[in-house]
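First comes the structure, then the notes that go with it.
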Amino acid sequence: MPEEKRTIGYICPVCGQAVIASRTAFQLAAGDCALPCPCGKSELRFRQLGDRCEITVPCLFCAKDHRAVCANDALLRQKLLALTCPASGLKCCCVGQKGPVFRAMEQLEQAVDKLRLDDQTGRRGAFLNETVMGEVLGELKDIARRGGVGCACGSADYGIKVGYSSVDLVCAHCGAALRLGAATPGDLDALCARDSLTIPGRKE
C-alpha cells in the first residue's frame, strides 16, 4: 500500500510563481523540512514541535513571513489546511489532498493576477473584486435572514468586519471569528453551497 502523500502549495514572493509539491506524511511528521522555490530565493518551512508543527510561509501579499502552529493531526489528515495573510485576507499557503490544494491554488493565482492587473492600470479599489464582495455580502444577508448564522458558544449575536478580500463574522459574546473568502468566484460558489455558518467559538 503506497504511503499517503500531502500536497503543499504557496506563491513565491520573489519570482511570483506558484510552488506546488508533495511530501509523504512520514516526511512531514518525522522532522523539520522545507519546500524551496525553484528560483532559490524563498522557501516554505515546517518545524516539528512534538504533536504540533510550526509552519513558516513567505507571503507574496505583505512581503513578510507568517508563522502558524497547527496540530500534526490537521497537517497530515485534513482535506485542506489553508493559512491566511492577516493583512490581505488571502490564502498564502495550502496543505492537504491534491485536488482541494490545486483548486485553492488556482483561485489564489486568479486573485494574484487580478492584483497585478489592478496595480498595472492603477485601478486598485476598496476590494480585490468588488463584484464578488457585493455578492458575498448579499448571500450573507440571505443566510442571516434565515437564521443561519450563529456561534458554537451558543450566541446568535455577531458583527461583520469587511476586509479587502474577505469578510469576518465575529461573535459578540466570545469574540471568536469565522473568515470567509470574498476574492474570487470560487469563494462565492463555496458560500452559496452553505445553508448555515457557525463561528467556531472560543474556549474560556
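Linking Ile, Leu, Val, Met, Phe, Trp and Tyr residues whenever their side-chain heavy atoms come within less than 4.5 Å places Leu90 and Met105 in a single cluster. The hydrophobic clustering, which links ILVMFWY residues whose side-chain heavy atoms are closer than 4.5 Å, places Phe46 and Ile20 apart. Taking hydrophobic clusters as Ile, Leu, Val, Met, Phe, Trp and Tyr residues chained together by side-chain heavy-atom distances below 4.5 Å, Leu80 shares a cluster with Ile11. Under the 4.5 Å side-chain heavy-atom criterion for Ile, Leu, Val, Met, Phe, Trp and Tyr, Met133 and Leu191 are members of the same hydrophobic cluster. Hydrophobic clustering (ILVMFWY, side-chain heavy atoms < 4.5 Å, transitive): Phe102 and Leu60 are in one cluster.
Annotation: side chain of Leu137 is not in contact with side chain of Glu135 (no heavy-atom distance under 4.5 Å). Proximity of Val95 to Thr7: side-chain heavy atoms (C-beta onward) are nowhere separated by under 4.5 Å. Side chains of Arg67 and Arg45 form a contact here, defined as non-hydrogen atoms less than 4.5 Å apart. When side chains are defined from C-beta on, Cys59 does not count as touching Tyr10, because their heavy atoms never get closer than 4.5 Å. For the pair Cys15/Cys37, a side-chain contact is recorded, criterion being any heavy-atom separation below 4.5 Å from C-beta on. Residues Arg23 and Arg6 fail the side-chain proximity criterion, which asks for heavy atoms closer than 4.5 Å. Between Tyr158 and Cys151, every side-chain heavy-atom pair lies at or beyond the 4.5 Å cut-off. Residues Cys85 and His66 are in side-chain contact: their nearest non-hydrogen atoms beyond the backbone lie under 4.5 Å apart.
Nearest heavy-atom pair, Lys161 versus Val170, reported as atom, atom and distance to 0.1 Å: CD-CG2, 3.9 Å. Scanning both residues, Cys70 and Leu75, for their nearest heavy atoms gives SG-CB, 4.1 Å. Annotation for Ile199 and Ala176: closest pair CG2-O, 3.5 Å, computed over non-hydrogen atoms. Summarising the geometry of Val57 relative to Cys92, their closest heavy-atom pair is CG1-O, 3.4 Å, with the distance given to 0.1 Å. Heavy-atom minimum distance, Gly96 versus Val101: N-CG2, 3.4 Å. Smallest separation of non-hydrogen atoms from Ala21 and Leu35: CB-CD1, 3.4 Å.
Atom CD1 in Ile8 sits 8.0 Å away from atom OG in Ser22 (nearest 0.5 Å). Here CD1 of Ile160 is found 11.0 Å from CG of Leu178. Values are rounded to the nearest 0.5 Å. With rounding to the nearest 0.5 Å, the separation of CD in Gln97 from CZ in Arg77 is 12.5 Å. Here the CG atom belonging to Leu140 is positioned 11.5 Å from the CZ atom belonging to Arg145, to the nearest 0.5 angstrom. To the nearest 0.5 angstrom, Thr184 atom OG1 is 12.0 Å from Glu109 atom CD. In this structure, Glu43 CD and Cys12 SG are separated by 11.0 Å, a value rounded to the nearest 0.5 Å.
With respect to Asp168 and Arg179, a salt bridge is recorded, a charged nitrogen being found less than 4.0 Å from a carboxylate O.
One side chain, Asn72 or Gln48, offers a donor N or O that lies under 3.5 Å from an acceptor on the other.
Enclosure of atom CD in Glu106 is not indicated, since only 12 or fewer non-hydrogen atoms of other residues, nucleotides or ligands lie within 6.0 angstrom.
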Yes or no on side-chain contact (heavy atoms from CB on, under 4.5 Å) for Asp195 and Ile143, after CA distance, side-chain angles and deciding distance? CA-CA 7 Å; Asp195 293 323; Ile143 295 173; over 6 Å; no
Any chance you could lay out the side-chain contact (heavy atoms from CB on, under 4.5 Å) test for Ser155 and Cys174, step after step, and finish with the verdict? CA-CA 8 Å; Ser155 175; Cys174 72; over 6 Å; no
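Among Leu180, Val136, Thr131, the one residue that satisfies the side-chain contact (heavy atoms from CB on, under 4.5 Å) test with Leu188 is Val136.
Checking side-chain atoms of Gln107 against main-chain N and O of Ala104 turns up no donor-acceptor pair under 3.5 Å.
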